[in-house]
Amino acid sequence: MKKLQKHIWAGVFILTAVAGFLWWAFFMPAGTDFQLYDRDRDQIVLSVPIHAGDRLSLEIEHSFEHIPWYEYYTVTEDYQFNLDAIAVAGYGAGIPAEMDVPTRIEDGLVWMEEINSVFPRFSWITSDKYMKTFTLNEQEIFDFRSLPDASRIRGEIVKRRGYLSDV
């Protein structure tokens with residue numbers, strides 16, 4: 001009888017250990033990543049860890065006049081993108097000149113701040129000439145010019161599950 005009890009407890013221990021390992025490896029919340037996904041090639045082209053409060057910025061060249069345009073975002077507590085500010089070298093077609101937000105001019109750029117527009121994800125059709133870099137906390141993480149022109153890219157925050165799983 002004692003031998004049977006030992007086998008039962010050993011089996012319970014082994015099953016518990018295996019279940020714990022599987023949960024850790026494939027199901028336990030393991031963090032969040034910012035991903036750029038190429039919808040045409042069906043592949044992730046960038047995946048980096050991201051946290052609430054992190055700051056993202058996008059650099060583009062706008063219009064025929066090649067005007068520099070910068071967008072600044074903060075990752076919200078619920079892992080969305082809050083557009084904080086836009087800085088652009090002037091007003092023209094496609095530039096939101098009538099936004100009711102604090103506006104100032106500094107170093108040749110018109111700054112529109114406190115925009116507070118929230119986006120759950122980004123969707124872009126890129127340009128190999130006009131879409132430039134993407135930064136995370138002031139570190140460049142991606143150069144859009146490395147993609148084929150007119151790539152259909154989605155940017156989103158993905159919760160990773162398990163320390164050994166892909167997503």
Side-chain angles (χ1 to χ4, degrees), residues 8-62 68-88 94-96 99 101-102 109 111-167:
I8 290 172
W9 282 112
V12 168
F13 175 77
I14 290 170
L15 286 174
T16 302
V18 168
F21 172 77
L22 291 174
W23 180 77
W24 173 82
F26 300 105
F27 301 105
M28 180 175 149
T32 52
D33 288 339
F34 173 73
Q35 292 184 347
L36 291 178
Y37 180 77
D38 186 325
R39 296 176 288 167
D40 292 325
R41 294 185 290 171
D42 192 31
Q43 75 181 77
I44 296 169
V45 294
L46 171 74
S47 184
V48 294
I50 199 160
H51 304 92
D54 281 351
R55 304 192 49 91
L56 295 159
S57 64
L58 173 65
E59 178 186 357
I60 346 177
E61 194 173 294
H62 179 67
W69 175 304
Y70 305 92
E71 296 179 0
Y72 299 92
Y73 297 86
T74 301
V75 177
T76 64
E77 290 296 322
D78 61 347
Y79 290 97
Q80 296 188 68
F81 306 99
N82 183 69
L83 177 60
D84 300 313
I86 296 171
V88 62
I95 297 173
M99 292 192 332
V101 297
L109 297 173
W111 284 82
M112 291 164 265
E113 300 174 305
E114 298 177 29
I115 296 170
N116 295 320
S117 190
V118 178
F119 300 87
R121 74 190 57 78
F122 300 120
S123 293
W124 295 297
I125 297 177
T126 66
S127 165
D128 62 356
K129 293 179 187 74
Y130 302 113
M131 230 170 147
K132 302 205 181 225
T133 59
F134 208 58
T135 64
L136 172 62
N137 298 324
E138 299 182 20
Q139 297 293 319
E140 184 178 312
I141 58 172
F142 196 76
D143 189 328
F144 286 98
R145 295 167 290 192
S146 67
L147 295 170
D149 193 35
S151 293
R152 294 179 330 122
I153 300 296
R154 180 177 66 236
E156 62 188 343
I157 296 174
V158 176
K159 291 185 182 183
R160 280 185 279 119
R161 290 293 216 199
Y163 287 89
L164 298 181
S165 67
D166 290 335
V167 181

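Values below: all heavy atoms of this structure, side chains included; hydrogens, waters and symmetry mates excluded.
Remark: Leu136 CG to Ile50 CD1 distance equals 5.0 Å, nearest 0.5 Å. The structure places NE2 of His51 at 5.5 Å from OG1 of Thr32, a figure rounded to the nearest 0.5 Å. Distance CG/Leu109 to CD1/Ile86: 12.0 Å, rounded to 0.5 Å. Going from atom CD of Glu71 over to atom CG of Leu56 covers 11.0 Å, rounded to the nearest 0.5 Å. Atom-to-atom distance recorded for Ile141:CD1 and Leu46:CG is 5.0 Å, nearest 0.5 angstrom.
Inter-residue side-chain proximity for Leu83 and Met112 is flagged as unmet; no heavy-atom pair is nearer than 4.5 Å. Proximity of Phe142 to Val48: side-chain heavy atoms (C-beta onward) are nowhere separated by under 4.5 Å.
With sequence neighbours excluded, no residue forms a salt bridge (Lys or Arg N to Asp or Glu O under 4.0 Å) with Arg39. By the ring-ring contact (aromatic ring centres under 6.0 Å, His included) test, Phe81 is found to be paired with Phe34, Phe122, residues two or more places apart in sequence or in another chain being considered. For Thr133, the side chain to side chain donor-acceptor pair (under 3.5 Å) partners two or more places apart in sequence, or in a different chain, are Glu59. Residues meeting the side-chain contact (heavy atoms from CB on, under 4.5 Å) test with Gln80, sequence neighbours left out: Thr76, Asp78, Val118, Pro120. Listed by chain and residue number, Ser57 satisfy the side chain to side chain donor-acceptor pair (under 3.5 Å) test with Thr135 (two or more places apart in sequence, or in another chain). Partners of Tyr70 by side chain to side chain donor-acceptor pair (under 3.5 Å), not counting sequence neighbours: none found. For Asp149, the side-chain contact (heavy atoms from CB on, under 4.5 Å) partners at least two apart in sequence or on another chain are Ser127, Asp128. In this view, Glu114 satisfies the salt bridge (Lys or Arg N to Asp or Glu O under 4.0 Å) rule with no residue, not counting sequence neighbours. Take Arg55 and apply the side chain to side chain donor-acceptor pair (under 3.5 Å) test, not counting sequence neighbours, and it matches Thr74.
The list of salt bridge (Lys or Arg N to Asp or Glu O under 4.0 Å) pairs with a residue in residues 129-146, not counting sequence neighbours, reads Glu61-Lys132, Asp143-Arg145.
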**OP:** Apply side-chain contact (heavy atoms from CB on, under 4.5 Å) to the pair Phe144 and Ile60, showing each step before the final yes or no.
**Re:** CA-CA 10 Å; Phe144 286 98; Ile60 346 177; over 6 Å; no

Can you list, pair by pair, the side-chain donor-acceptor contacts under 3.5 Å of residues 151-158, counting residues two or more places apart and other chains?
unit_1	atom_1	unit_2	atom_2	d
Ser151	OG	Pro148	O	2.6
Arg152	NE	Asp40	OD1	2.8
Arg154	NE	Glu156	OE2	3.0
Arg154	NH2	Glu156	OE2	3.4

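The aromatic rings of Trp69 and His62 are tilted relative to each other, their planes meeting at an angle between 30° and 60°.
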